[in-house]
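Read the structure below first, then the notes.
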Amino acid sequence: MKQTRRKAITSFLLLFSILLLSLTACSGDAIKIEDYEWKMRTVMKNDSDLIVPAVGEADEVYPDAKVVDLTLTAKDGKITITDSTNNTTYEGTYTVEGKNPKGTDYKVVIDSKEGYATAAMTKYDDGNEEPTLPINLGDYSIYFYAD
């Protein structure tokens, strides 16, 4: 009887360990903000019911948009956004709000403005995928892609 019980406990512990390792591996596949240096693709500012766009490079969809060169890096809970067009640096923090196999959600604070971000893969109509990082911060929506 003791032998059967010991085998059952050993089997249970083995299955539990495999399950735990599997779940840990799944969360390891999620894209994280620290995984890349991020380049800004677009910024939208809601300015009195008018959406004012800025783009990372000239864009035919927004021909009158201001071209801005923003780069975001993140490490150990700190965010740095560098604007090469005017030599300005913005600093902030991020904390993980949630994870799933497809991405990671964050609460961000940049220059005292609170917002939210998600690092995940974006799949386009042509089947291509790329890591993206949209951030909603007050009146701004900033869309980054992995550089």
Query raised in the report: With distance as the sole test, does Trp38 use its side chain to make a donor-acceptor pair with the main-chain N or O of Ala74 at under 3.5 Å?
Result: no
Requested in this report: First locate atom CZ of Arg41, then atom NZ of Lys39, and finally report the distance between them rounded to the nearest 0.5 Å.
Outcome: 12.0 Å
Listing, residues 133-146 side-chain donor-acceptor contacts under 3.5 Å, not counting sequence neighbours, or none:
| unit_1 | atom_1 | unit_2 | atom_2 | d |
| --- | --- | --- | --- | --- |
| Asn136 | OD1 | Ser141 | OG | 2.9 |
| Tyr143 | OH | Tyr124 | OH | 3.2 |

Query - pair Glu91-Thr89: side-chain heavy atoms closer than 4.5 Å - result: yes
**Report entry** Over 12 foreign heavy atoms within 6.0 Å of CG, Asp125
**Finding:** no
Query raised in the report: Minimum heavy-atom separation for Met40 to Val43, with atom names?
Result: SD-CG2, 3.3 Å
Requested in this report: Answer yes if Val68 and Ile110 sit in the same cluster of Ile, Leu, Val, Met, Phe, Trp and Tyr residues linked by side chain heavy atoms under 4.5 Å apart, and no otherwise.
Outcome: yes
Report task. Please report the shortest heavy-atom distance between Glu34 and Lys75, naming the atom on each side. Result -> CG-CA, 4.3 Å
Query raised in the report: Which pair of non-hydrogen atoms, one from Asp83 and one from Tyr90, has the smallest distance, and what is that distance?
Result: CB-CE1, 4.3 Å
Query raised in the report: For the side chain of Thr132 and the backbone of Ala120, is there at least one donor-acceptor N/O pair under 3.5 Å apart?
Result: yes
Report summary line: Tyr94 and Val108 have their tightest heavy-atom pair at CB-CG1, 3.9 Å
Query raised in the report: Quick one: do Val96 and Tyr36 end up in the same hydrophobic cluster if we chain Ile, Leu, Val, Met, Phe, Trp and Tyr together by side-chain heavy atoms under 4.5 Å apart?
Result: yes
Report task. Using the test salt bridge (charged side-chain N to carboxylate O under 4.0 Å, His left out), find all partners of Lys78 that sit at least two apart in sequence or belong to another chain. Result -> none
Report task. With rounding to the nearest 0.5 Å, note down the distance linking OG1 in Thr118 to OH in Tyr106. Result -> 9.0 Å
Query raised in the report: Is it the case that one hydrophobic cluster holds both Tyr116 and Leu72, taking links as side-chain heavy atoms less than 4.5 Å apart, direct or via other members?
Result: no
Query raised in the report: What pairs of residues pass the salt bridge (charged side-chain N to carboxylate O under 4.0 Å, His left out) test when at least one of them lies in residues 105-118, not counting sequence neighbours?
Result: Lys107-Glu114
Report task. Please round to the nearest 0.5 Å and tell me the distance separating atom OG1 of Thr122 and atom NZ of Lys102. Result -> 11.5 Å
Requested in this report: Would you give the length of the straight line joining atom OG1 of Thr93 to atom CD1 of Ile79, rounded to the nearest 0.5 angstrom?
Outcome: 7.0 Å
